[in-house]
Amino acid sequence: MMTDDRPSTLGVLLAGGLARRMGGGDKPMKTIGGRTILERVITRLAPQCDGLILNANGDPSRFASFGLPVVADTVEGFAGPLAGVLAALDWAAAHRPDIEWVLSTATDCPFLPRNLVARLQQARIEEQAQLAVASSGDQTHPVIGLWNVALRGELRHALVVEDIRKIDRWTARYKLATVNWPVVPLDPFFNANTVEDIAEADQLAALDDRA
């Protein structure tokens, strides 16, 4: 459990992408600097969260070596990252009723900040916001955000009844805190989407591993 005064936070790793720009397969299983992207994400987030779960569809056994609960979407039709967030909120309500907040992140970001949860929670509290999201430079990263479990009913309605898919369309309904990180010496939200990105990430990994 957390040793400070921050609220308990469950981390959900969103691994639902189909990695089409990499020729298919599970993008988080690609290797950077001798370690899978997923392993790097877990290493960064585990010390910041009160448990981690993995949102993925299909055969969960392919992630068995990581020892995390694998939670499939609770909305059919591969409805995108919001469906993964909803699955995590539903899982937290059923299995971790002590937890009010869920931190979501993409699993193609190998260099996540070590203070991600702390800064998002701090901004949410200081701004009296209902949600919080990360940004870097001049780009917002809506997939990397803090969600209240109590909003899961409203999120399910937005997905199932209103057919909302874009995260920022839904978050626009709430008071949202946005927390910015510097992009020097590297963007902590660099995402490996293509084969070329993997090559660049290999070079960045050496810099990041020394940080």
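Values reported hereafter were calculated over all heavy atoms of this structure, with side chains retained and with hydrogens, waters and symmetry mates removed. This structure is a prediction, so every number in the text was calculated from the model and none was measured.
The shortest non-hydrogen separation linking Ala87 to Ala72 is CB-O, 3.4 Å. In this structure, Gly84 and Asn55 approach most closely via the heavy-atom pair CA-OD1, 3.2 Å. Of all heavy-atom pairs spanning Ile53 and Leu10, the tightest one is CD1-CD2, 4.0 Å. Across every non-hydrogen atom of Leu54 and Ala15, the tightest pair is CD1-CB, 3.9 Å. Scanning all heavy atoms of the two residues, the minimum distance from Gly137 to Val183 falls at N-CG1, 3.6 Å.
Gln128 CD: 12 or fewer foreign heavy atoms inside a 6.0 Å radius. Counted within 6.0 Å of CG on Asp59, heavy atoms from surrounding residues, nucleotides or ligands total more than 12; the atom is thus considered enclosed.
Inter-residue side-chain proximity for Ile144 and Ser104 is flagged as unmet; no heavy-atom pair is nearer than 4.5 Å. In this structure the side chain of Leu89 reaches within 4.5 angstrom of the side chain of Trp147, judged on heavy atoms. Contact of the Phe66 side chain with the Thr36 side chain is registered, since non-hydrogen atoms from C-beta on lie closer than 4.5 Å. Put simply, the side chain of Leu13 reaches to within 4.5 Å of the side chain of Leu68, judged on heavy atoms. Looking at Thr43 and Arg35, their side chains come closer than 4.5 Å, going by heavy atoms from C-beta outward. Within the 4.5 Å cutoff, no side-chain heavy atoms of Thr171 are placed close to those of Val133. Here the side chains of Leu146 and Val102 are not in contact, with every heavy-atom distance at 4.5 Å or above. Taking 4.5 Å as the limit, every side-chain heavy atom of Leu52 sits out of range of all side-chain heavy atoms of Val41.
Using modelled atom types and a 3.5 Å distance limit, the side chains of Ser136 and His141 yield a donor-acceptor pair. Side-chain contact of Gln122 with Arg119: a donor-acceptor pair under 3.5 Å is absent, judged by distance alone. Judged by distance alone, the side chains of Ser8 and Glu100 never bring a donor and an acceptor atom under 3.5 Å apart.
Remark: the backbone N or O of Leu176 is not paired with any side-chain donor or acceptor of Gln130 at under 3.5 angstrom. Panel note: side chain Lys175, backbone Glu127; a donor-acceptor pair is recorded below 3.5 Å. Checking side-chain atoms of Thr107 against main-chain N and O of Leu14 turns up a donor-acceptor pair under 3.5 Å. A donor-acceptor contact shorter than 3.5 Å links the side chain of Arg40 to the backbone of Ile32. Checked by atom type and distance alone, the side chain of Gln48 pairs as donor or acceptor with a backbone atom of Pro113 at under 3.5 Å. Counting only distance, with no hydrogens or angles, the side chain of Arg165 and the backbone of Leu159 share a donor-acceptor pair below 3.5 Å. Between the side chain of Arg44 and the main chain of Leu112, a donor-acceptor pair closer than 3.5 Å is present.
Through ILVMFWY side-chain contacts below 4.5 Å, Ile125 is grouped with nothing and stands alone.
Between the CZ atom in Phe63 and the CE atom in Met29 there is a gap of 6.0 Å [rounded to 0.5 Å]. To the nearest 0.5 Å, atom CG of residue Leu155 and atom CD1 of residue Ile164 are 9.0 Å apart.
Cation-pi contact between Arg152 and Trp91: absent, since separation from the ring centre below 6.0 Å together with deviation from the ring axis within 45° is not met.
Under the side chain to side chain donor-acceptor pair (under 3.5 Å) criterion, Thr178 pairs with no residue at all, not counting sequence neighbours.
With salt bridges taken as basic N to acidic carboxylate O contacts below 4.0 Å, one links Arg156 and Asp90.
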